[in-house]
Amino acid sequence: MLDIQALRNDIDGVAARLAARGFTLDKARFQELEAERKVIQTRTQELQAKRNASAKQIGMAKAKGLDTTDIMAEVAQVGDELKQLEVKLPLVLQEMDAFLSVIPNMPHSSVPVGLSEAANAEMRRVGDVPTFDFDVKDHVSLGEGIGGLDFDTAIKLSGARFSLLKGGLARLHRALAQFMVDTHADQHGYTETYVPYLVNAASMRGTGQLPKFEEDLFRVPRQMGEGGVQNFYLIPTAEVPVTNMVRDEIVPLESLPMKFVAHTPCFRSEAGSAGRDTRGMIRQHQFDKVELVQMVHPDESYAALEGLLGHAEVILQKLNLPYRVMKLCSGDMGFSAALTYDIEVWLPAQNTYREISSCSNFEAFQARRMQARFRNANGKPELLHTLNGSALAVGRTLVAVLENYQQADGSIVIPEVLRPYMGGLEKLTKVVA
RNA sequence: GGAGAGGUGGCAGAGCUGGUUGAAUGUACCUGACUCGAAAUCAGGCAUACGGUAACCCCGUAUCGGGGGUUCGAAUCCCCCCCUCUCCGCCA
């Protein structure tokens with residue numbers, strides 16, 4: 001959520017910055033709502049003040065045993081108009097909230113302007129792209145070749161965009177996640193967390209998934225008493241539960257920065273991506289991800305973003321996977337982000353880099369929705385800044401390991417850092433089952 | 001699933017026969033006095049959001065789990081819901 005003050009004070013400036021990401025701010029609508037709100041709100045509060053004062057007088061008069069019919073008659077006149085306004089006011093405020101809720105964050109000044117990924121800026125490439133003296137296979141062929149990747153059964157169990165891992169591949173998947181969590185917890189100072197995978201609507205609103213992106217989520221209705229239904233949502237990323245830990249909190253200054261790492265499954269409906277990445281486990285309804293989340297002092301958030309990005313990169317470096325870092329352009333960034341770096345890993349079979357991590361600074365955009373604050377040096381509550389990044393998407397990392405570590409015979413060499421998690425195993429080969 | 005208790009300010013804890021209570025009191029915290037310093041003691045301060053405003057001053061509104069109702073007026077009365085705790089049953 002943007003600061004409504006920014007829209008009141010400099011709507012043209014805000015509109016210009018939003019235009020950079022292809023969002024057209026309806027200025028007239030805002031001004032109309034704002035004018036309406038102002039009239040109704042000030043009048044309502046004026047009448048409420050009058051009513052409160054009269055009620056107090058009545059109270060005092062009755063205590064003294066005086067007659068109150070005059071004052072009562074006076075208040076009665078306030079009643080009708082106030083009753084109407086008290087119905088209208090929340091409606092106008094809701095409309096304003098709905099209007100603000102679907103406005104994306106403003107890009108940071110360093111974000112390249114552009115409307116498609118073509119305008120993203122490559123920051124650096126790290127690691128050498130491997131060369132093969134045989135025809136490379138993609139992860140699907142490799143996984144099915146060694147007998148641990150079974151899409152047919154996954155389809156039977158659930159449908160398209162699910163996968164089933166077995167044996168060494170399943171263990172490699174688990175090894176990757178554990179290696180990532182351990183690295184961040186032991187070496188990068190993150191607190192490991194275990195969080196709910198089903199969250200309420202307020203949490204989804206806090207991090208920006210609702211109200212605009214409900215179609216991307218899996219909703220789980222839950223029958224409550226007397227016919228009511230309360231919705232749970234399956235988390236699309238650990239960002240949601242972890243970031244919302246500070247929702248409606250005022251944390252002490254000393255507790256910043258807060259750094260958390262969580263390994264969770266992520267669930268996405270992938271509405272609107274029909275036909276894209278249909279082969280393999282690149283784009284799934286369910287995938288695992290190790291997520292880094294930070295809550296920091298506003299002065300520190302951009303330094304923190306560089307740090308967080310570095311923590312994600314360390315994983316790729318330790319796995320010896322070649323990658324590049326992209327700074328997303330204004331039009332390619334997510335709804336809530338002010339600045340985003342994507343990390344793309346080299347996939348030999350696709351002969352290209354594919355996204356494996358996304359690291360963003362949301363500034364106060366999420367914090368404002370969540371009312372997540374800290375007590376600043378003056379003792380006043382102030383919105384904190386939130387950041388997060390994948391470090392990394394486990395499924396895609398598995399894909400990258402398979403493809404980059406493949407051998408001519410179809411076996412997979414296990415990266416050295418993972419061997420302790422694999423019982424010392426050095427290579428995945430075909431299992432006769 | 002059955003039975004009971006309860007949800008009030010950072011914490012503890014009054015109020016709940018409706019009225020000048022945004023809320024006693026204690027404690028924590030901040031400031032000042034006393035002290036060489038500390039403790040103790042004394043005095044004062046100490047919620048958040050929103051609006052009027054450019055404004056951390058000032059004024060107003062809202063907030064005592066959430067929503068609705070009764071009333072001139074509700075933390076206090078009524079209805080619905082949610083949550084927590086205790087005991088029993090069941091259970092990964």
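Chain identifiers are assigned alphabetically (A, B, ...) following the order of the sequence lines, protein sequences preceding nucleic acid strands; residue numbering begins at 1 within each chain.
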Exercise. In whole Å, what is the span from the CZ atom of A/F374 to the C1' atom of B/G10?
Worked result: 18 Å

Exercise. How far does CE of A/M370 sit from CZ of A/R247, to the nearest 0.5 angstrom?
Worked result: 8.5 Å

Problem set entry | Euclidean distance for P, B/U25 against B/A33 (whole angstrom) | 25 Å

Exercise. Once you round it to whole Å, what is the distance between C1' of B/C50 and CG of A/D97?
Worked result: 13 Å

Exercise. For A/R8 and B/C50, is the shortest distance between a side-chain N/O and OP1 or OP2 below 4.0 Å?
Worked result: no

Exercise. Do the ring planes of A/H188 and A/H184 sit parallel (below 30°), tilted (30 to 60°) or perpendicular (above 60°)?
Worked result: tilted

Exercise. So which pairs with a foot in residues 20-61 of chain A pass ring pair (Phe, Tyr, Trp, His ring centres under 6.0 Å), sequence neighbours left out?
Worked result: none

For this session: Go through residues 31-49 of chain A and report each residue with a non-hydrogen atom lying under 4.0 Å from RNA chain B, sorted by number.
Result: A/R37, A/K38, A/Q41, A/T42, A/Q45, A/Q48, A/A49

Exercise. If you look at every strand shown and take non-hydrogen atoms under 4.0 Å, does A/K56 touch a base, only sugar-phosphate, or nothing?
Worked result: sugar-phosphate

Problem set entry | Partners meeting salt bridge (charged side-chain N to carboxylate O under 4.0 Å, His left out) with A/D67 (sequence neighbours left out) | none

Problem set entry | Any residue meeting salt bridge (charged side-chain N to carboxylate O under 4.0 Å, His left out) with A/E382, in chain and number order, not counting sequence neighbours | none

Problem set entry | Nearest-Å distance for atom pair CZ/P, residues A/F232 and B/C83 | 8 Å

Exercise. Once you round it to whole Å, what is the distance between C1' of B/C82 and CG of A/N200?
Worked result: 12 Å

Exercise. Parallel, tilted or perpendicular for A/F335 and A/F213, by the 30°/60° rule?
Worked result: perpendicular

For this session: Any pair with a residue in residues 74-105 of chain A that passes ring pair (Phe, Tyr, Trp, His ring centres under 6.0 Å), sequence neighbours left out, goes on the list, sorted by first then second residue, please.
Result: none

Exercise. How far, in whole Å, is B/U70 from B/A54 if one measures between their C1' atoms?
Worked result: 43 Å

For this session: Starting at atom CD of A/E249, determine the distance to atom P of B/G9, rounded to an integer number of angstrom.
Result: 13 Å

Exercise. What is the distance from NZ of A/K88 to P of B/G51, rounded to the nearest Å?
Worked result: 20 Å

Exercise. Want to know the stems of RNA chain B: at least 3 consecutive Watson-Crick or G-U pairs with distances under 3.5 Å, which are they?
Worked result: B:1-7 with B:82-88, B:10-12 with B:25-27, B:29-33 with B:41-45, B:47-52 with B:58-63, B:65-69 with B:77-81

Problem set entry | B/U27 versus B/G37 - spacing of their C1' atoms, nearest Å | 25 Å

For this session: For nucleotides B/A92 and B/G4, find the distance between their P atoms and express it as a whole number of Å.
Result: 28 Å

Problem set entry | Heavy-atom pair of closest approach, residues A/L321 and A/A400 | CD2-O, 3.8 Å

For this session: Take the protein atom CG of A/L89 and the nucleotide atom P of B/G60, then report the distance between them rounded to whole Å.
Result: 19 Å

Exercise. Which whole number of Å gives the distance between the P atom of B/A75 and that of B/U8?
Worked result: 16 Å

Interface polar pairs with nucleotides 47-49 of chain B, N/O, under 3.5 angstrom:
residue, atom, partner, partner atom, Å
B/U48, OP1, A/R375, NH1, 3.3
B/U48, O3', A/R373, NH1, 2.6
B/A49, OP1, A/R373, NH1, 2.7

Seminar exercise, completed: side-chain contact (heavy atoms from CB on, under 4.5 Å) filter on A/L2, not counting sequence neighbours, yields A/L7, A/V14, A/L18, A/I103, A/N105, A/M106, A/F365

Seminar exercise, completed: Residue pairs meeting ring pair (Phe, Tyr, Trp, His ring centres under 6.0 Å), one or both in residues 258-295 of chain A, sequence neighbours left out, come to A/F162-A/H285, A/F218-A/H285

For this session: Starting from P on B/U20, measure out to CZ on A/R51 and report it in whole angstrom.
Result: 15 Å

Seminar exercise, completed: By side chain to side chain donor-acceptor pair (under 3.5 Å), A/K380 pairs with (sequence neighbours left out) none

Problem set entry | Rounded distance in Å between the P positions of B/A12 and B/C91 | 36 Å

For this session: Identify, with sequence neighbours excluded, every residue that meets salt bridge (charged side-chain N to carboxylate O under 4.0 Å, His left out) alongside A/E144.
Result: none

For this session: In whole angstrom, give me the gap between the C1' atoms of B/C83 and B/A28.
Result: 27 Å

For this session: Scan for ring pair (Phe, Tyr, Trp, His ring centres under 6.0 Å) pairs involving residues 38-58 of chain A, sequence neighbours excluded, and state none if there are none.
Result: none

Problem set entry | Along RNA chain B (nearest heavy atom to each residue), the more 5'-positioned of A/K50 and A/I58 | A/K50

Problem set entry | Nearest-Å distance once atom P is located in both B/C58 and B/A40 | 32 Å

Exercise. Are any of A/N52's side-chain N or O atoms less than 4.0 Å away from OP1 or OP2 of B/U61?
Worked result: yes

